[in-house]
Amino acid sequence: MKKTRTQVAIIGAGPSGLLLGQLLHRAGIDTIILEQRSKDYVLGRIRAGVLEQGAVALLEEAGCGARMRQEGLVHEGIEIAFRGVRHRIDFKALTGKTVLVYGQTEVTRDLMEARETAGAPIVYEALNASISDIETNRPRVRYSKDDVEYEIECDYVAGCDGFHGVSRQTIPEDAMRTYERVYPFGWLGILVDKTPLSDELIYVNHPRGFALCSMRSATRSRYYLQCRLDEEVSDWPDEKFWDELGRRLDSEALKQLQKGPSIEKSIAPLRSFVAEPMRFGNLFLVGDAAHIVPPTGAKGLNLAASDVAYLSRALIARYGSNSMAGLDAYPQRALARVWKAERFSWWMTQILHRFPEPSGFDEQIQAAELEYLFSSKAAQTALAENYVGLPY
Ligand SMILES: Cc1cc2nc3c(=O)[nH]c(=O)nc-3n(C[C@H](O)[C@H](O)[C@H](O)COP(=O)(O)OP(=O)(O)OC[C@H]3O[C@@H](n4cnc5c(N)ncnc54)[C@H](O)[C@@H]3O)c2cc1C
């Protein structure tokens, strides 16, 4: 077994692991990032696309802001379509803030390039990662690569390995509490190299189900449809997708819709999930390893960024001035913000989707909620404040 040592071992090279690694590296803290997949596989995943100002600022702090500033699209609001009428929520006017549309794939690419330029270690295709001794001050991470076994001794482990990773599973069951809601539908998404139908995102509440007109750039559109959980991508040839989307859009939007062959198509189930606490011994959970939100509020990637902000500051204080206060406060600080984003994502999901409910009561409440939202500046401000991101 080949042995090595670092200060912080980071498991996972998604946005959480790469961003944490970059911030710590710039502060002079040694890290090794382990990723079970290949670099190309990680870069091929199509996921989030909306960045809050806090996430943008953090990426700039990490030295990864140049291309994002150049290519990202500033959005000052969103539209919500209900009963065939579109209502605009003006973030800029309501909060003075905006969001930036810049795909998670691009964020990941920028962070990977920054790490390579810095010459900091990252091991792709690191298999069978296991974590031990987390209750001691010498935790260990073992993995294998090309049939060779490795062991890293470290001070801390950052579990940035997503919902299915090994980090959360390392924490004893009786030391953790989980909270979960699984929604009775999924999102069928397609990516297409066509100009988006609108400059802003359009969220659609329609009797046939939710739809979202989104984008990743000025020439690349991302569209979603609420679908059943038992449906497969193969049930949805492109033509069927465009027909169904057309049925859920208003006539003006439909006129602007540019259809084309999909370059990616996938179904994502919707789930709310939180694991508490986000620390066990010297293992810290970050991002999707600790929490999942349905994508309706565009919060998944942004929550990963706020966790990274809290943890990177805490580790920098630990190594800079030997202060443990930030590390001790990490779970509480991170979770306070996580739960607010969980609430907002649940609420957006609740008001925009069609739920299977026979009595019609939920549908009437949903209509009342939306009508109140469209008529009340206070309600719109509450939505806008959460969408652009709560402070951290
Ligand atoms: C299909 C899908 C669509 C999404 N769409 C949206 C969206 O539209 N909007 C939005 O805001 N959010 C969306 N999200 C959520 C958002 O992408 C995540 O919140 C974000 O990726 C979290 O980043 P992370 O780094 O914490 O986790 P991840 O991005 O999941 O990264 C974890 C990394 O750890 C690696 N890993 C896992 N296990 C191990 C192991 N044992 N050893 C080593 N490495 C390991 C994984 O390969 C992965 O690279 C989506 C998520 C999914 C899954």
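Computation of the quantities below employed the complete heavy-atom set of this structure, encompassing side-chain atoms and omitting hydrogens, waters and symmetry-equivalent molecules. Note that ligands are numbered from 1 as they come in the structure, with each ligand's atoms numbered from 1 the same way.
At a threshold of 4.5 Å between non-hydrogen side-chain atoms, the residues Leu43 and Thr108 count as touching.
Short contacts between ligand 1 and Leu34, defined as distances under 4.0 Å to a heavy atom of the residue, involve ligand atoms 43 (C), 44 (N). In the vicinity of Gly162, heavy-atom distances shorter than 4.0 Å reach the ligand 1 atoms 27 (O), 30 (O), 32 (C). Residue contact check: Arg45 has heavy atoms under 4.0 Å from atoms 46 (C), 47 (O), 48 (C), 49 (O) of ligand 1. Each of the following atoms of ligand 1 lies closer than 4.0 Å to a heavy atom of Lys299: 11 (O). Near Leu301, the atoms of ligand 1 lying under 4.0 angstrom from a non-hydrogen atom of the residue are 11 (O), 19 (O). Every atom of ligand 1 with a heavy atom of Ala298 under 4.0 Å away is listed here by number and element: 11 (O). Residue contact check: Gly165 has heavy atoms under 4.0 Å from atoms 38 (N) of ligand 1.
Nearest protein neighbour of atom 40 (C) of ligand 1, counting heavy atoms only, is Gln36 OE1, 3.6 Å. Shortest contact from atom 16 (C) of ligand 1 to any protein heavy atom: Gln104 OE1, 3.6 Å. At the shortest separation from atom 35 (C) of ligand 1 among protein heavy atoms lies Glu35 OE1, 3.3 Å. The protein heavy atom nearest to atom 23 (O) of ligand 1 is Pro15 CD, 3.5 Å. Summary of contacts: the protein heavy atom closest to atom 19 (O) of ligand 1 is Asp288 OD1, 2.7 Å. The protein non-hydrogen atom at the shortest distance from atom 1 (C) of ligand 1 is Ala268 CB, 4.1 Å. Shortest contact from atom 52 (C) of ligand 1 to any protein heavy atom: Arg47 NE, 3.5 Å. Looking only at heavy atoms of the protein, atom 7 (C) of ligand 1 is closest to Ala48 CA, 3.4 Å.
Using a cut-off of 4.0 Å between Lys/Arg side-chain N and Asp/Glu carboxylate O, Glu239 and Lys259 are scored as not salt-bridged.
For the side-chain contact (heavy atoms from CB on, under 4.5 Å) with Leu100, the qualifying choice from Val74, Val50, Leu59 is Val74, the only one to do so. If you run side-chain contact (heavy atoms from CB on, under 4.5 Å) between Leu245 and each of Leu254, Leu188, Leu225, only Leu225 comes through.
Grouping the Ile, Leu, Val, Met, Phe, Trp and Tyr side chains by contacts below 4.5 angstrom, directly or via other members, places Val293 with Tyr392. Both Met112 and Leu301 belong to a single network of hydrophobic side chains, linked directly or stepwise wherever heavy atoms of I, L, V, M, F, W or Y lie under 4.5 Å apart.
Distances between N or O atoms of Gly287 and those of ligand 1 include no value under 3.5 Å. In terms of polar-atom proximity, defined here as any N/O pair under 3.5 Å, Arg37 makes no such contact with ligand 1. The shortest N/O to N/O separation between Ile46 and ligand 1 does not fall below 3.5 Å. Considering backbone and side-chain N/O atoms, Ser16 comes within less than 3.5 Å of an N/O atom of ligand 1.
Within the 4.0 Å heavy-atom criterion, both parts of Asp161, backbone and side chain, lie near ligand 1. The proximity of Tyr224 to ligand 1, defined as any non-hydrogen pair under 4.0 Å, is limited to the side chain.
Trp236 and Glu231 form a side-chain donor-acceptor contact under 3.5 Å, judged by distance and modelled atom types alone. In this model, no donor atom of one side chain and acceptor atom of the other lie less than 3.5 Å apart for Gln169 and Ser167.
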Side-chain atoms of residues 382-390: list all donor-acceptor pairs with protein atoms under 3.5 Å, sequence neighbours left out, distances to 0.1 Å.
residue: Asn386; atom: ND2; partner: Ala382; partner atom: O; Å: 2.7
residue: Tyr387; atom: OH; partner: Tyr203; partner atom: OH; Å: 2.7

Output a table of donor-acceptor pairs, distance under 3.5 Å, between side-chain atoms of residues 88-98 and any protein atom two or more places apart or on a different chain; print 'none' if there are none.
residue: Arg88; atom: NE; partner: Glu200; partner atom: OE1; Å: 2.9
residue: Arg88; atom: NE; partner: Glu200; partner atom: OE2; Å: 3.4
residue: Arg88; atom: NH1; partner: Asp90; partner atom: OD2; Å: 3.2
residue: Arg88; atom: NH2; partner: Glu200; partner atom: OE2; Å: 2.7
residue: Asp90; atom: OD1; partner: Lys92; partner atom: N; Å: 3.3
residue: Asp90; atom: OD1; partner: Ala93; partner atom: N; Å: 3.0
residue: Thr95; atom: OG1; partner: Phe91; partner atom: O; Å: 2.7
residue: Thr95; atom: OG1; partner: Lys97; partner atom: N; Å: 3.0
residue: Thr98; atom: OG1; partner: Gln53; partner atom: NE2; Å: 3.4

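By the 30° and 60° cut-offs, the orientation of the rings of Tyr150 relative to Tyr143 is parallel. A parallel orientation is assigned to the rings of His87 and Phe374, their planes being inclined by less than 30° (bins at 30° and 60°).
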### Task
Report the C-alpha separation of Asp133 and Arg138 in whole Å, then their side-chain angles, then the decisive distance to 0.1 Å, and conclude whether the salt bridge (charged side-chain N to carboxylate O under 4.0 Å, His left out) test is met.
CA-CA 7 Å; Asp133 305 301; Arg138 284 282 169 268; over 6 Å; no
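Relative to the ring axis of Tyr41, Arg37 places its NZ or CZ within 45° and under 6.0 Å from the centre.
If you check each of Ala13, Gly159, Cys160, Gly12 against atom 32 (C) of ligand 1, the one with the closest non-hydrogen atom is Cys160. In the candidate list Ile10, Ile11, Val293, Ile11 is nearest to atom 42 (N) of ligand 1, counting heavy atoms.
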